[in-house]
Amino acid sequence: MTPLPRAFYDRDTQLVARELLGKWLVHRRDGIERVGRIVETEAYLGAHDLAAHSARGRTARNEVMFGPPGHAYVYLIYGMHHCLNVVTERDGHASAVLLRAIEPVRNITGRTQGPGLLCAALRVDRSHNGLDLMSPTLFITEPDCEEPFAIARAPRIGVDYAGAWARRLLRFFIKGSEFVSKPAPSRKRNRAR
DNA sequence: TGCACGATGAAC
DNA sequence: TTCATCGTGCAC
């Protein structure tokens with residue numbers, strides 16, 4: 001298995017988010033190779049995207065987002081869950097794709113539908129922050145075999161604070177996959193439109 | 001030095 | 001609908 005080249009990540013973030021669907025996410029650790037098929041992603045477009053961590057400026061936490069493409073941005077959320085992102089576009093653009101769900105392929109135990117569960121199942125944590133995805137321990141690769149699938153899009157999850165940016169269709173998932181996350185129904189009221 | 005708050009998940 | 005749980009970022 002060969003890691004996708006850096007050029008894959010050095011492109012439009014929405015395009016990368018779409019094309020990551022169906023790819024295999026691989027993590028080798030303790031002699032175990034865990035593999036999951038990516039079925040759900042979210043695009044965070046850069047410092048102008050009010051839902052992105054990078055929108056509030058460069059800090060110690062989001063430093064990796066501001067770096068070159070093809071690196072892992074992993075952070076701890078709600079004091080207990082990890083989220084894995086891949087940095088996209090040119091150095092300094094501060095965009096990334098959040099990997100939200102995978103379908104188990106090899107050596108995966110437990111549920112994988114949601115960014116926190118994905119990291120737990122793959123044994124990915126903050127120690128992987130900044131890791132180059134060209135590395136043999138954590139990378140994304142073409143699947144061994146793949147059947148055609150349809151892509152659906154929807155608003156991103158958990159970013160209601162971002163106003164109009166929260167309503168943009170920047171979440172992508174494989175239509176009909178049972179491994180796509182099913183977040184709790186939003187308590188959002190009827191919204192005029 | 002203190003404190004409010006998450007790109008979540010699970011229980012009630 | 002509520003809560004667990006803690007690193008981060010920014011206000012004092």
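So that the names make sense, note that chain A is the first sequence line, chain B the second, and so on, each numbered from 1.
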CZ of A:Arg56 versus C1' of B:dG6: gap in Å, rounded? 9 Å
Would you say the side-chain atoms of A:Tyr9 and A:His71 include a donor-acceptor pair closer than 3.5 Å? no
Are A:Glu89 and A:Arg11 ion-paired here, with the side-chain N under 4.0 Å from a carboxylate O? no
Under 4.0 Å between any heavy atoms, over every strand shown, what does A:Leu76 touch: base, sugar-phosphate, or nothing? Just pick one. sugar-phosphate
Enumerate the residues from residues 67-74 of chain A whose closest heavy atom to DNA chain B is under 4.0 Å, giving them by residue number; use none for an empty result. none
From CG of A:Asn62 across to C1' of B:dC5 the rounded distance in Å is 16 Å
Side-chain heavy-atom pair A:Arg106, A:Arg34 within 4.5 angstrom cut-off: no
A:Met80 or A:Arg61, whichever maps to the more 5' nucleotide of DNA chain C: A:Met80
Please confirm whether A:His128 and A:His82 have ring centers closer than 6.0 angstrom. no
Tell me which nucleotide, if any, is Watson-Crick or G-U wobble paired with B:dA7 when both distances must be under 3.5 Å. none
Determine whether the aromatic ring of A:Tyr78 stacks with the base of B:dG9, defined as ring centroids separated by less than 5.5 Å and ring planes inclined by less than 30°. no
Whole Å only: how far is the CG atom of A:Leu118 from the C1' atom of B:dA7? 13 Å
Mapping A:His81 and A:Arg126 onto DNA chain C by nearest heavy atom, which one lands closer to the 5' end? A:His81
Separation of A:Gln113 atom CD from B:dA7 atom P, in whole Å? 21 Å
Is any side-chain heavy atom of A:Leu122 closer than 4.5 Å to one of A:Leu25? yes
Between OH of A:Tyr75 and C1' of B:dG6 the distance, given in whole Å, is 9 Å
Given atom OH of A:Tyr44 and atom P of B:dG6, what is their separation to the nearest angstrom? 13 Å
Answer yes if A:Tyr73 and A:Leu45 sit in the same cluster of Ile, Leu, Val, Met, Phe, Trp and Tyr residues linked by side chain heavy atoms under 4.5 Å apart, and no otherwise. no
What does A:Arg111 touch in the nucleic acid at a heavy-atom separation under 4.0 angstrom: a base, only the sugar-phosphate, or nothing? sugar-phosphate
Base, sugar-phosphate alone, or nothing: which one does A:Arg156 contact when heavy atoms must sit under 4.0 Å apart? nothing
Would you please name every residue forming a ring pair (Phe, Tyr, Trp, His ring centres under 6.0 Å) with A:His81, sequence neighbours left out? none
Mind checking who C:dA11 pairs with, Watson-Crick or G-U wobble, both distances under 3.5 Å? B:dT1
Find the distance A:Ile77:CD1 to B:dA10:C1' and express it as a whole number of Å. 16 Å
Mind calculating the distance between NE2 (A:His82) and P (B:dG9) to the nearest angstrom? 12 Å
Please determine if a side-chain N or O atom of A:Tyr161 lies less than 4.0 Å away from the OP1 or OP2 oxygen of B:dA7. yes
